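Worksheet: the structure to be examined is printed underneath.
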Amino acid sequence: MLQPPHSSLQIAAVPARRAAAPDRDQDAPWHTEAVCRRDEAGLFFAPSKEPTAARLSREEAAKRVCARCPVMVECREHALLQPEPYGVWGGLTAAERRVVLARRRRREIELKKSPRQGPIAAAG
Ligand code: SF4
């Protein structure tokens with residue numbers, strides 16, 4: 001049986017960004033509200049030797065679950081920060097997360113190369 005994507009999150013320390021959902025319990029760990037904890041866990045990780053067409057279909061189904069999840073932002077950031085190497089997290093596949101991380105690294109490098117081009121430098 002596959003584990004829910006967030007079964008290991010008891011130890012994850014991810015800063016919560018909860019301004020988008022003020023009706024939620026601000027003190028509860030974000031993963032307690034994960035939609036995938038309930039019944040769709042099998043969608044989020046690939047079984048061994050999964051054919052490509054089946055993988056794409058499964059990932060799209062997982063993303064539809066993520067799209068209605070109240071903690072999608074927190075989940076995505078967790079998966080990027082860890083980083084989580086497998087599965088769909090926060091509406092992104094592992095390959096999509098690698099792209100996001102590569103973009104962030106490039107952006108950080110560019111900012112380090114030209115640190116004075118931000119709005120503070122322009123104002124000063
Ligand atoms: S965003 Fe997706 S993977 Fe993350 S907790 Fe919600 S349903 Fe699960």
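Every number for a ligand or one of its atoms is a count from 1 in the order of the listing. On a predicted model such as this, the values are computed, not experimentally measured, just so you know.
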Considering all heavy atoms of both residues, which atom of [X] and which atom of [Y] are nearest to each other, and what is their separation?
{"X": "Leu43", "Y": "Ala61", "result": "CD2-CB, 3.9 Å"}
{"X": "Cys69", "Y": "Glu33", "result": "SG-O, 4.3 Å"}
{"X": "Pro83", "Y": "Leu80", "result": "CB-O, 3.6 Å"}

Which atoms of ligand 1 have any heavy atom of [X] under 4.0 Å away?
{"X": "Cys69", "result": "1 (S), 5 (S), 6 (Fe), 7 (S)"}
{"X": "Ala34", "result": "5 (S)"}
{"X": "Val88", "result": "3 (S)"}
{"X": "Gly90", "result": "1 (S), 3 (S), 4 (Fe)"}

If I take every N, O or S atom of Cys66, is at least one of them less than 2.8 Å from atom 8 (Fe) of ligand 1?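 False for Cys66.
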Arg97 side chain to Glu84 backbone, donor-acceptor under 3.5 Å: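 The answer is yes, because a donor-acceptor pair under 3.5 Å joins these two groups.
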Which class fits the ring pair Trp89 and Phe45: parallel under 30°, tilted 30 to 60°, perpendicular over 60°?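 Plane angle over 60°, so perpendicular.
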